[in-house]
Amino acid sequence: MEKKRWDCTALPKGWKMEEVTRKSGLSAGKSDVYYFSPSGKKFRSKPQLARYLGNQMDLSSFDFRTGKMLMSKLNKNRQRLRYDNNNQNKGKPDLNTSLPVRQTASIFKQPVTKVTNHPNNKVKTDPQKAVDQPRQLFWEKKLSGLNAYDIAEELVKTMELPKGLQGVGPGCTDKTLLSAIASALHTSAAPITGQLSAAVEKNPGVWLNTTQPLCKAFIVTDEDIRKQEELVYSVRKRLEEALMADMLAHVEEAANEGDTLQEEGNGSEDMESV
């Protein structure tokens, strides 16, 4: 392993940044970044660093990989802070993680209760109409433009859908189709079959089934299931090999650090004897 350590100017005085590049194993060429406090404490991730510094420093614009402050994020944070200071109506942050499924007000006739003293009068209600409100069409398009980032603030690569899945509706892209299928799996317990009606291709605004994602009807064959099983097995195998290589690399790193400390101890004993 090759180690490089230097002062991190973005952090308070005395903080060090270390980059360790692995020379062997399956993760050869991969670099890991660590930070050391003035007292010598080691930090492996940005959340650990943020918990240790606390209110001493704002790390929202800090790039853990490069050890620098991102000016674009810093300017956005300043603008957001300026807006919050000028805004008088400060509310609590919206921590709701539910999908933005808009329920449209019903325009259909609702059951009416006629109150009289006649014993033959009956109150007719339809609980299904009261519970299931009409949904807004193509609401899944609200999810377009949203991306996922990992702990290192790097963009997570989205999955690719099979070629047999084709979108339905105006401006339906692959990302919109992926969001529609994921939200259907999340919000509904019914099986995902796609839009079974052939008329939906001519006029999706009329014949669209809102309980199904924005895709044409599809059939999952035994061959598709077999390919998916092989893909899952291959990914698990690679993950197992990567975890094993990472564990061996950490063991080797710990052994090298132990040898270094032992050499330093022997050197200090030699100096004392001299």
Side-chain angles (χ1 to χ4, degrees), residues 1-86 90 93 95 145-158 238-274:
M1 291 183 295
E2 181 182 356
K3 297 183 179 180
K4 297 180 181 178
R5 184 180 295 191
W6 59 88
D7 294 334
C8 182
T9 57
L11 296 177
K13 186 178 180 180
W15 281 81
K16 301 287 184 179
M17 176 180 177
E18 183 180 78
E19 183 178 10
V20 180
T21 304
R22 299 175 183 174
K23 298 296 184 179
S24 59
L26 295 177
S27 58
K30 180 182 177 181
S31 298
D32 295 327
V33 176
Y34 307 104
Y35 290 85
F36 293 87
S37 65
S39 61
K41 189 174 182 180
K42 188 176 182 179
F43 298 89
R44 300 176 179 270
S45 64
K46 184 175 178 179
Q48 293 180 355
L49 197 63
R51 286 194 296 268
Y52 182 81
L53 291 175
N55 297 328
Q56 299 180 16
M57 186 176 182
D58 183 14
L59 296 180
S60 58
S61 305
F62 180 72
D63 188 4
F64 190 85
R65 177 63 57 179
T66 61
K68 299 179 180 179
M69 289 292 183
L70 299 179
M71 297 306 298
S72 58
K73 290 187 176 181
L74 188 61
N75 293 332
K76 289 182 180 179
N77 292 337
R78 289 176 178 175
Q79 293 176 1
R80 187 182 299 110
L81 182 61
R82 190 181 302 110
Y83 174 79
D84 292 339
N85 292 333
N86 296 332
K90 292 184 179 180
L95 302 179
L146 301 178
N147 298 313
Y149 294 87
D150 58 12
I151 192 172
E153 298 185 359
E154 295 181 358
L155 181 64
V156 177
K157 183 180 179 181
T158 57
R238 294 203 308 267
L239 178 60
E240 180 183 358
E241 294 174 353
L243 291 175
M244 181 61 68
D246 185 70
M247 183 182 67
L248 294 176
H250 281 294
V251 170
E252 183 181 358
E253 179 183 356
N256 293 336
E257 290 180 355
D259 295 340
T260 303
L261 293 176
Q262 185 177 2
E263 292 177 359
E264 292 178 354
N266 294 335
S268 61
E269 291 179 357
D270 295 340
M271 291 296 295
E272 291 177 358
S273 61
V274 172

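FYI, the numbering just counts along the sequence from 1.
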For this session: Specify the closest pair of heavy atoms between C8 and G67, including all atoms of both residues, with the distance to one decimal.
Result: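 Taking C8 first and G67 second, the nearest heavy atoms are SG-O, 3.6 Å.
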Exercise. Which pair of heavy atoms, one from M17 and one from F64, lies closest together, and at what distance?
Worked result: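 Between these two residues, the closest heavy atoms are CE-O, 4.5 Å.
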Exercise. How about M57: does its CE atom have over 12 heavy atoms from other parts shown lying under 6.0 Å from it?
Worked result: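 Counting other residues, nucleotides and ligands, CE of M57 exceeds 12 neighbours.
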Problem set entry | K42/E253 salt bridge by N-O under 4.0 Å criterion |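 Looking at K42 together with E253, the answer is yes, because their closest N to O distance falls below 4.0 Å.
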For this session: Answer yes or no for K16 and F36: cation-pi contact, defined as NZ/CZ to six-membered ring centre under 6.0 Å and angle to ring axis within 45°.
Result: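 No, K16 and F36 do not form such a contact.
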Problem set entry | Mutual orientation of the aromatic rings belonging to W15 and F43 [parallel < 30°, tilted 30-60°, perpendicular > 60°] |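 Tilted.
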Exercise. Can you find a pair of side-chain heavy atoms, one from L11 and one from L59, that are under 4.5 Å apart?
Worked result: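 Answer yes - side chains close enough.
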I need the [X] [atom1] to [Y] [atom2] distance, nearest 0.5 Å.
X   : Y   : atom1 : atom2 : value
E18 : D32 : CD    : CG    : 10.0 Å
R51 : Q48 : CZ    : CD    : 6.0 Å
K3  : Y34 : NZ    : OH    : 8.5 Å

For this session: Please find out if less than 6.0 Å separates the ring center of F62 from that of Y35.
Result: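 For F62 and Y35, the ring centres are under 6.0 Å apart.
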